[in-house]
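For reference, the structure discussed in these notes is given below.
Chain letters run A, B, ... following the sequence lines, proteins first and then strands; every chain starts at 1. Just so you know, these numbers come straight off a predicted model, no measurement behind them.
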Number of protein chains: 2
Amino acid sequence: MKRKVTLKQIAKELDVSISTVSKALRNSIEISEDTRQKVQAFAKLYNYRPNNIALSLKNRKTKTIGIIIPEIVHHFFSKVITGIELVANKRGYNVIVGLSNESFDKEVINMQMLANGSIDGFILSIAKETLQQQDYHHFTETINQGMPIVMFDRVVNEIPCDKVIVDDVKGAKKAVEKLIANDCKNIAIITTKDYVSVGKLRTQGYLEALEDHKINPKASLILKIEDKLLSDDHLDNLENEIEQLFKANKSIDGIFAVNELYAVTAIKLARKLGLEIPKSLQVVSFSDGVLSKHSTPSLTTISQHGQQIGEKAADLLINRLELDETDDEEEEVYETVVIETDLIERESTK
Amino acid sequence: MKRKVTLKQIAKELDVSISTVSKALRNSIEISEDTRQKVQAFAKLYNYRPNNIALSLKNRKTKTIGIIIPEIVHHFFSKVITGIELVANKRGYNVIVGLSNESFDKEVINMQMLANGSIDGFILSIAKETLQQQDYHHFTETINQGMPIVMFDRVVNEIPCDKVIVDDVKGAKKAVEKLIANDCKNIAIITTKDYVSVGKLRTQGYLEALEDHKINPKASLILKIEDKLLSDDHLDNLENEIEQLFKANKSIDGIFAVNELYAVTAIKLARKLGLEIPKSLQVVSFSDGVLSKHSTPSLTTISQHGQQIGEKAADLLINRLELDETDDEEEEVYETVVIETDLIERESTK
DNA sequence: TTACAAAGCGAAAACGTTTTCGTGTTAAAA
DNA sequence: TTTTAACACGAAAACGTTTTCGCTTTGTAA
């Protein structure tokens, strides 16, 4: 077991100074062709690689991006990570992941663990608990210490940072308009409680679409689910609530669900109650995961392009990091990028 | 924008030495109660946190674990990460993620990026391309440099490291035995080509189960899919091959699929051909993802307990890291932990 | 009063780099 | 022969810690 070789060891071995070795390896013109070759050969032989930590300390930057997300077992978030990792690697950065598990405390702790020099900047999506408590001091503090943040999907406007979001309102409108165009007359929405920002926005899109087509929204067609972590209890509860919805509103012929799970659950119960998809009930869902594509019937969805969101977020962050390097203190101006959604038609609509 | 405060700044501000500040903060008895309080108050005021990178350099360990997995948009792998992150955080470690995207080159590059001091050890699952090429030099080199590796799920025996695997053979046997017990007479398997180790092992389990019950395996009932990354082309191809399988073997009444996707695709095509699930065709699948639970009919599966695998892998790695600290060179003896699978019965079997 | 121990603190090294600046040697120009 | 410039290299600082060791001051015992 040979430990990693350092400049110092090479220097001693070759009887030159550390500086000489360093310069030789970086092809400095200060070093004679002769010693340069000798050093490089030796370095290659012993498979020398500069120690990243030492470089980070010296350069005061780590070339590492911290990601904080609520959970990773989630198609959307893992797609985003894929996107982040893709451009991060391409631009010479690594990616370190922290999970908040939707908890405020874990979000704070994770950020503190990483903010002490381990990373150059954050890409994150806010935990539900944080959104509920509306306590954002850990974000502002991080930013005040000069560490840039890029938020995606679940964002809050008052934080000064770049943001990448999907146009939830517009996406929801697209979904509902599809149902309207397909002759649905009684369109229900299955959404989350309002404190989840995307749930609120999608509900808003639903209402706007109805309004645009002179349809009066009916409160009984709006089902807001308490969106706890997906325990089995929660699933039972979800099924009950949806079943009530159908039983209380026999005329429902269209459903807009704010996520896949709500959609497939609705379909399952609708079938149990004798409805045929898409003949007597059409369904459109937000979020474009594996369920949409592979369940039967496959779901017509509003695709969020998670990977693209990740790529954009990473580019924004790295751009800012590498811009900060050159000109120091200009007035910071932050960008909010909106990633357009697409309607992907599958079997759950006519 | 106040930069992060360092020991040096505190020292200057309070007109003491850096050493004094450091000791005061760590409650050394060398320091008088008086100055200790002064320093600690000042540090708290300015929200001092030791710089992680500097600590890493000094201690020659980073308290960070590197994970290399083929892809992250995958229920099993993200479950494993959840498990790793859980125990890593609990034990004071961070987690840095690299994706190989099933490519040998990306696997090597990612490992090199991280092995230069950024992390203390690896947890990884081998890329398909690497398995195919059987080139494992990057693993042995890493280990030779004194950096421990824990492999999970896709492992190779000849590498000296701890491993966490599921008993694929036994799991597959459980699945097939369930079908046999449910009176299936013609059980087909949909699996991957043999170079994917888990595919091979599950096929072996299928054969063993048949043999145990004196059933002669029929080559025509064994469908081996070329398991490229899931492009849409690949999906079409998958459907074709499965359709051929059904058409050529009308008597199939049981299917064992090595993953969810194969299972739901098979169900979809079986229905198209007029088969009823589970009445005339029963299906059991490996892997316990979101499709199994929420598609209709839900799938009877062999659950792999991804999170548990991650937790175990992290514990093994950290144990080894913290053991290396104390007694240096004893004979390394490596462990292979087998995580038992469970049969989870749902609607796709009687 | 002298000697000595304890208390309180600082200097410096170490982790592994990069880079600036200084210095000695050699060859070319005066 | 003397001056100068180019060349090749080394010393040292810096990044932010922790820790060992040594030094000064004070109080106490002889």
Side-chain angles (χ1 to χ4, degrees), chain A residues 2-40 42-43 46-64 115-120 145-147 325, chain B residues 2-40 42-43 46-64 115-120 145-147 325:
Chain A
K2 31 173 190 183
R3 280 238 147 273
K4 292 234 68 176
V5 63
T6 69
L7 289 186
K8 195 195 270 194
Q9 290 165 38
I10 299 183
K12 191 196 284 182
E13 214 63 39
L14 264 48
D15 207 41
V16 291
S17 76
I18 296 181
S19 339
T20 304
V21 177
S22 176
K23 288 172 190 164
L25 290 175
R26 326 196 91 241
N27 288 316
S28 160
I29 44 159
E30 282 187 49
I31 305 300
S32 70
E33 187 60 25
D34 202 39
T35 48
R36 203 186 337 165
Q37 301 224 342
K38 216 165 42 184
V39 170
Q40 297 199 354
F42 193 91
Y46 282 87
N47 194 28
Y48 169 79
R49 300 257 182 279
N51 181 305
N52 248 325
I53 295 293
L55 285 179
S56 295
L57 184 59
K58 174 130 192 53
N59 301 328
R60 297 154 108 209
K61 59 187 167 194
T62 60
K63 291 266 179 182
T64 303
N116 303 318
S118 301
I119 61 162
D120 295 339
Q145 289 183 352
M147 179 165 297
E325 262 170 54
Chain B
K2 31 174 187 178
R3 280 238 147 272
K4 292 233 70 175
V5 64
T6 68
L7 289 186
K8 193 194 272 192
Q9 291 166 36
I10 299 182
K12 191 196 282 182
E13 214 63 39
L14 262 50
D15 206 40
V16 292
S17 77
I18 296 180
S19 338
T20 304
V21 178
S22 175
K23 288 172 190 165
L25 290 176
R26 326 196 91 242
N27 288 316
S28 160
I29 44 158
E30 283 186 47
I31 305 300
S32 70
E33 187 60 25
D34 202 39
T35 48
R36 200 178 351 158
Q37 300 224 343
K38 217 167 39 184
V39 170
Q40 296 200 354
F42 193 90
Y46 283 87
N47 195 28
Y48 170 79
R49 300 258 181 277
N51 181 306
N52 249 325
I53 294 293
L55 285 180
S56 295
L57 184 59
K58 176 132 192 50
N59 302 330
R60 296 152 108 211
K61 59 188 166 190
T62 61
K63 292 263 179 185
T64 303
N116 303 319
S118 301
I119 61 162
D120 295 339
Q145 289 182 352
M147 178 165 298
E325 262 172 56

Please check if the side chain of A:E30 supplies one atom and the backbone of A:K23 the other of a donor-acceptor pair under 3.5 Å.
no

Rounded to the nearest Å, what distance is computed from the CD1 atom of residue A:I53 to the C1' atom of nucleotide C:dT17?
12 Å

Residue-phosphate contact under 4.0 Å: A:K8 side-chain N/O, C:dC15 OP1/OP2:
yes

Heavy-atom pair with the smallest gap, counting every atom of B:G117 and B:T62
O-CG2, 2.9 Å

Considering only side-chain heavy atoms of A:I31, which listed nucleotide, C:dA11, D:dC15, D:dC9, is closest?
D:dC9

I need the A:Q9 CD to A:Y48 OH distance, nearest 0.5 Å.
10.5 Å

Whole-Å distance separating the CG atom of A:D34 from the P atom of D:dC7:
16 Å

Pair B:N116, A:K4: side-chain N/O donor-acceptor within cut-off below 3.5 Å
yes

d(CG, A:L57; P, D:dT17) in whole Å:
9 Å

Could you encode protein contacts along nucleotides 18-27 of chain C as a string, one character per nucleotide from 5' to 3', using B for base contact, S for sugar-phosphate-only contact and - for no contact, with a heavy-atom cut-off of under 4.0 Å?
BBBB------

A:Q40 side chain reached by A:N27 side chain, heavy atoms, under 4.5 Å
yes

D:dC9 phosphate, OP1 or OP2: any side-chain N/O from A:S32 under 4.0 angstrom?
yes

What's the spacing between A:Q145 CD and B:R49 CZ if we round to 0.5 Å?
8.5 Å

Rounded to whole Å, please give me the gap between CG in A:D15 and C1' in D:dC9.
12 Å

On a heavy-atom basis, which atom in A:I31 and which in A:A24 lie closest, and how many Å separate them?
CG1-N, 3.9 Å

Should A:R36 be listed as having a side-chain N or O under 4.0 Å from OP1 or OP2 of D:dA8?
no

What's the shortest heavy-atom distance between A:T64 and A:S118, and which atoms?
CB-O, 3.8 Å

Taking any heavy-atom pair under 4.0 Å as a contact, classify A:T35: base, sugar-phosphate, or nothing.
sugar-phosphate

Whole Å only: how far is the CD atom of B:E33 from the C1' atom of C:dC9?
16 Å

Rounded to whole Å, how long is the line connecting atom CG of B:N52 with atom C1' of D:dG16?
11 Å

Take the protein atom CG of B:N116 and the nucleotide atom C1' of C:dC15, then report the distance between them rounded to whole Å.
16 Å

Take the C1' atoms of the five end pairs on each side of the helix from C:dT1-D:dA30 to C:dA30-D:dT1, derive the two axes, and give their angle rounded to 10 degrees.
80°

Between atom CG of B:L25 and atom OG1 of B:T20, what is the distance when rounded to the nearest 0.5 Å?
10.5 Å

Spacing between B:N51 atom CG and D:dA14 atom P, to the nearest angstrom
17 Å

Looking at every strand, decide which applies to A:R49 at a 4.0 Å heavy-atom threshold: base, sugar-phosphate, or nothing.
sugar-phosphate

